[in-house]
Amino acid sequence: MMEFDKEKFKTVLSYVINRCENKANVGKTLICKLLYFSDFNYYEKYETAITNETYIKYERGPYPHHIDEVIDEMLDEGLLKIEKKPYFGTTIHKHYLQEVPDLSLLNTKARRH
């Protein structure tokens, strides 16, 4: 089994947040789903995973095993800010990047065997 790649996971997470932070409905639950589908679709196309993350079955959808650890690390590093926002009678946790992410880790093409 391949080892979890925290730096690539941070990069994919940053990419997802960067693309979605201006959308009112994108909170942590939707971010988790987007991460899952990013990994799944990449694997389906290239037969290798981006981050080697393990996803846990959760009542609201797939939940990345390392997401809380990575988010806490990004908060501690000042790379991320989270705000609670009301959304149609509930509260969502909006994630905002504090700097533009370096997406160079995502530019490598998958190698076919």
Subject >> Neighbour count >12 (heavy atoms, 6.0 Å) for atom OH, Y15 >> reply: no
Original post:
When you measure from the side chain of H95 to the backbone N and O of H93, does any donor-acceptor pair fall under 3.5 Å?
Top reply: yes
Original post:
Should F9 and L35 count as side-chain neighbours, where that means a heavy-atom distance under 4.5 Å?
Top reply: yes
**OP:** Return yes when atom OH of Y43 has more than 12 non-hydrogen atoms of other residues, nucleotides or ligands closer than 6.0 Å, and no otherwise.
**Re:** no
**OP:** Could you list the residues that satisfy salt bridge (Lys or Arg N to Asp or Glu O under 4.0 Å) with D72, not counting sequence neighbours?
**Re:** none
Original post:
Between the side chains of Y46 and N41, does any donor sit under 3.5 Å from an acceptor?
Top reply: no
Subject >> Side-chain touch E83/K81, heavy atoms, less than 4.5 angstrom >> reply: yes
Subject >> Donor + acceptor pair across side chains of K33, Y63 (<3.5 Å) >> reply: no
Subject >> Enclosure of Y87 OH (heavy-atom neighbours >12, cutoff 6.0 Å) >> reply: yes
Original post:
Parallel, tilted or perpendicular: which fits the ring planes of F4 and H66, with parallel below 30° and perpendicular above 60°?
Top reply: parallel
Subject >> Test item: N52 side-chain N/O and E3 main-chain N/O as donor-acceptor pair under 3.5 Å >> reply: yes
Original post:
Would you say the side chain of C32 lies within less than 4.5 Å of the side chain of I67, judging by non-hydrogen atoms?
Top reply: yes
